[in-house]
Amino acid sequence: MREASGIKELKGDSRSDTEDSTDGEALHGKDVSSGNPLKQWKAHKPMYVQVIMERQPIKMELDTGAAVSIMPYTMSKEKMAHIQLRKSTVNLKTYTGQRVRQITVQVAKNGTVESLKLVVVDGLGGTGDEKQSRTLRLKRLLEKYPGKQKEQGMLKGTKAHLPLKDGATPVFLKARPVPYSLRTRVEKELERLEKGGIIAQVSTSEWATPVVVAPNKDGSIRLC
């Protein structure tokens, strides 16, 4: 077994396909530390390696640029329920602020057995109880406001407040250059957001962070 850019890669033949594995699921080794979606605008076939993990066949997707190896929470509950989730030794947080947890598994390939730490996450960020709590809250909101989930609303009668840490100082980051091929789409999306009252132009600001252009499958974009 060798380690490639932070992700465990087992020696042996890799397969470049999209077929389902024996258990019908793939373990993704995605980069949770960095990444520019613009560089990955064109879809590429994922590469997989079939391994034996805790005596079960698991298909792992290779990502040599990933900082850690991850496993979906649902898969860990189904396949690795006998292994206790523990606090992650890597200082990582989801975009919602929850700290991730991890499990340590035994992985075998071509007669070699190694221990592998897996960060356990779900599709929405966070793990376990956080996901169930969000699902329940969402269900209650949809039941309370039927037919409203596709509408764009506006919060009125209150003012948002963002608490800052003591001693926090404003940060103003320079805008990132937008590729020429995407400029028209970015401008149209900014105009749409402004017309919808979601964003507003300002002449000055103490705080600023560059937008990230994320591609959609239909060729449109979203701004993060």
Side-chain angles (χ1 to χ4, degrees), residues 1-37 40 43-142 214 224:
M1 179 180 289
R2 63 190 178 88
E3 186 171 342
S5 300
I7 185 171
K8 301 289 185 178
E9 182 181 352
L10 298 168
K11 289 184 178 179
D13 295 333
S14 300
R15 292 188 297 155
S16 177
D17 57 35
T18 55
E19 297 177 359
D20 291 335
S21 61
T22 305
D23 51 47
E25 295 185 79
L27 169 62
H28 301 282
K30 295 298 184 183
D31 190 346
V32 297
S33 62
S34 61
N36 186 346
Q40 302 171 359
H44 297 280
K45 272 190 174 182
M47 296 183 64
Y48 295 104
V49 169
Q50 190 81 18
V51 301
I52 301 300
M53 184 181 296
E54 294 293 324
R55 301 182 180 181
Q56 302 177 72
I58 300 289
K59 185 167 67 174
M60 299 181 69
E61 181 181 347
L62 290 182
D63 184 347
T64 56
V68 296
S69 298
I70 69 173
M71 172 178 277
Y73 174 75
T74 52
M75 188 177 182
S76 71
K77 291 290 288 183
E78 179 184 351
K79 305 291 184 182
M80 307 294 160
H82 61 290
I83 302 178
Q84 183 180 358
L85 275 171
R86 299 184 181 278
K87 182 179 179 181
S88 176
T89 55
V90 182
N91 187 22
L92 293 175
K93 289 184 181 180
T94 67
Y95 68 89
T96 53
Q98 290 88 12
R99 291 189 178 276
V100 298
R101 290 181 285 175
Q102 71 180 31
I103 58 176
T104 302
V105 298
Q106 296 296 308
V107 181
K109 178 70 174 179
N110 294 343
T112 300
V113 180
E114 295 284 350
S115 294
L116 174 63
K117 291 181 180 179
L118 296 174
V119 173
V120 178
V121 299
D122 66 35
L124 297 176
T127 58
D129 296 337
E130 296 99 351
K131 180 179 180 180
Q132 294 176 4
S133 177
R134 283 196 303 269
T135 301
L136 182 59
R137 290 200 303 270
L138 177 59
K139 182 180 179 181
R140 289 175 178 172
L141 284 173
L142 294 179
C224 306

*Taking the side chain from Q106 and the backbone from V113, do they hold a donor-acceptor pair closer than 3.5 Å?*
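Absent.
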Where [X] and [Y] come nearest, the two heavy atoms and their spacing:
X    : Y   : value
V120 : Y73 : CG1-CA, 3.6 Å
T104 : E54 : O-OE2, 4.4 Å
Y48  : P46 : OH-CG, 3.4 Å
Q102 : T89 : OE1-N, 3.2 Å

Are [X] and [Y] packed together at the side-chain level, in the sense that at least one heavy-atom pair is separated by less than 4.5 angstrom?
X   : Y    : value
I52 : P57  : yes
M75 : L118 : no
M53 : K79  : no

Distance from [X] atom [atom1] to [Y] atom [atom2], nearest 0.5 Å?
X    : Y    : atom1 : atom2 : result
K117 : R86  : NZ    : CZ    : 11.5 Å
M60  : L116 : CE    : CG    : 5.5 Å
R101 : K87  : CZ    : NZ    : 12.5 Å

